[in-house]
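Below: the structure, in structure tokens.
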Number of protein chains: 2
Amino acid sequence: MIPGGRSTGDDGTAPGRPGPGQDQNGHVATTKKKTQVSASPERRRELLGTAAEVFAAHGYNATTVRRIADEAGMLAGSLYYHFDSKESILDEILSAFLDELWAGYDAVLAAGFGPRETIEALVTESFREIDRHRAAVAIYQKESRHLSAQPRFRYLADSQQKFEKAWLGTLERGVASGAFRDDLDVRLTYRFVRDTVWVAASWYRPGGRHSPEEIARQYLSMVLDGIAVRD
Amino acid sequence: MIPGGRSTGDDGTAPGRPGPGQDQNGHVATTKKKTQVSASPERRRELLGTAAEVFAAHGYNATTVRRIADEAGMLAGSLYYHFDSKESILDEILSAFLDELWAGYDAVLAAGFGPRETIEALVTESFREIDRHRAAVAIYQKESRHLSAQPRFRYLADSQQKFEKAWLGTLERGVASGAFRDDLDVRLTYRFVRDTVWVAASWYRPGGRHSPEEIARQYLSMVLDGIAVRD
DNA sequence: TAACCTACCAAACACTTGTTAGGGAACCGA
DNA sequence: TCGGTTCCCTAACAAGTGTTTGGTAGGTTA
């Protein structure tokens, strides 16, 4: 996950650039390479956005640096003025997404809701996150599995663990309190709910017929009450 | 493993090779390249199996031909005795899976079940397919989106369309007959059911605690009746 | 005007990629 | 024994890969 939920970071406020050796991720940069810190973070975000789109559409490995540069209207080498590697572009995309995700999740988890309300809030928050970081979520889904093995992306595995703890814990609380059925395998239920929510990123398109909240409402209705008619 | 590893050799029965120009998919081989038809289809299947595993684990693009060959105990060039390209390996994996999938689906759809029973049968059949073709399903999920744009893999798009027709039709039938709720967006429900089932391939491991049938039972219970306790 | 910084280009580098061509060992039926 | 087939190896190829180096137009500051 991401360390202390650095959450907001430094958007807008003091232009104080992060000290050397400090990454937006908090994982210390043991690397000797001086990270190229662009003076205009806007251009950076712009490039990250187009890179994320291309990554999401064609997959990380199938995406060439030249393709990203092309989409951004520049040449491949020029990208290295802003980033020091293709991998660090991916890194920034994913960690920015996870930072924001956990900011939202932590707020929900700290609110002291009951199990059912917590699940509802988590699902809703998730769809909002999909709405905002569609590309990043798609990338995460495709690549996180084999990325998390890599030391640089260990925070993906950490995040997933924290994720499981939050959801599984809530579900177990719900079973104990009588809100959720006790005749189901909780781990299976967890994966069921988790997948149902996040796979939506593969077909969701912002600005579509349904708002994130509306989708969340219907998804919750299905997950909680089922699609069959009650007799 | 290593060279001599011819291992089992050919404990095969009839070496009857399929007629030329005929693909297991039915899509005519318009290609001019003479497809290398190995005399022992078992070795072929063996190689397809290991290739599928590597593809599933690391993604198609991230997988090098040398890696596949290595895993199979031979050198990269040797693969081209059995297949004429990396792409056609992928092609065979996917189409073999889809062939078997549709054999099962068509049987279910032709059985004349009611909507609810049809859904139950389709879900169960799907988990059986995941059990048998775990790797192929994982590959399909990761790559089908951008592959279906390619002419060679058009059958992926065709399959998906047929897929949607079958599931969506059954759901609509169920709503009309009063078996399923009518206050939900049917398309959303379709994607919901479809995704929940197939994403399971990403975590499912054959030989685990639950049999495909048991997983199907629990999934169906959740999808149909929900995870909340009824009052 | 001079010095400097930002954001890019142009051209190359080293390496990996999928693929091919030729050869050879083991086994087969005749 | 011989020719043929099967299955793999050796060695290379061309194209594409991420990345680096040096340069430079344009703006800002002094």
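A note on names: the letters A, B, ... follow the listed sequences, proteins ahead of strands, and every chain is numbered from 1. This one's a predicted model, so the numbers in the text were calculated from it and none came from an experiment.
Of the candidates dT19(D), dT19(C), dC9(D), the closest approach to any side-chain atom of V65(A) belongs to dT19(D). Here the nucleotide nearest the side chain of K86(A), chosen from dT19(D), dC8(D), dT19(C), is dT19(D).
Atom CG of L75(A) is separated from atom P of dT21(D) by 18 Å (rounded to the nearest Å). Atom OH in Y80(B) sits roughly 18 Å away from atom P in dC7(D) (whole-Å rounding). Per the geometry, CZ belonging to R66(B) stands 15 Å off P belonging to dC15(C), to the nearest Å. Between D84(A) atom CG and dT21(D) atom C1' the separation is 16 Å, expressed in whole Å. Regarding Y60(A), its OH atom lies at a distance of 8 Å from the P atom of dG18(D), rounded to whole Å. Atoms CD (E42(B)) and P (dC7(D)) sit 10 Å apart, rounded to a whole Å. As a whole-Å value, the separation of I68(A) CD1 from dC8(C) P is 15 Å. The distance from atom CD1 of I89(B) to atom C1' of dT19(C) is 12 Å, rounded to the nearest whole Å.
Residue H82(A) places no side-chain N or O under 4.0 Å from the OP1 or OP2 atom of dT6(C). Side-chain nitrogen and oxygen atoms of S78(A) include at least one within less than 4.0 Å of the OP1 or OP2 phosphate oxygen of dC9(C). In terms of phosphate contacts, R43(A) brings no side-chain nitrogen or oxygen within less than 4.0 Å of OP1 or OP2 of dT6(C). Note on Y81(A): every side-chain N or O is 4.0 Å or more away from OP1 and OP2 of dC8(C).
Put simply, the side chain of L98(A) reaches to within 4.5 Å of the side chain of L101(A), judged on heavy atoms.
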### Query
Given the rule in the side-chain hydrogen bond (donor to acceptor under 3.5 Å, both in side chains) test, do D91(B) and Y155(B) qualify, once you have shown the distances and angles that lead to the verdict?
CA-CA 10 Å; D91(B) 194 349; Y155(B) 65 93; 2.5 Å; yes
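Taking the six-membered ring for Trp and the full ring otherwise, the centers of Y105(B) and F163(B) sit less than 6.0 Å from each other.
The only option from R187(B), R194(B), R191(B) that meets the side chain to side chain donor-acceptor pair (under 3.5 Å) definition with E164(B) turns out to be R187(B). Just one of E100(A), E213(A), E214(A) meets the salt bridge (charged side-chain N to carboxylate O under 4.0 Å, His left out) condition when paired with R128(A); it is E213(A).
Among the atoms of the strands shown, none is found under 4.0 Å from any heavy atom of S88(B).
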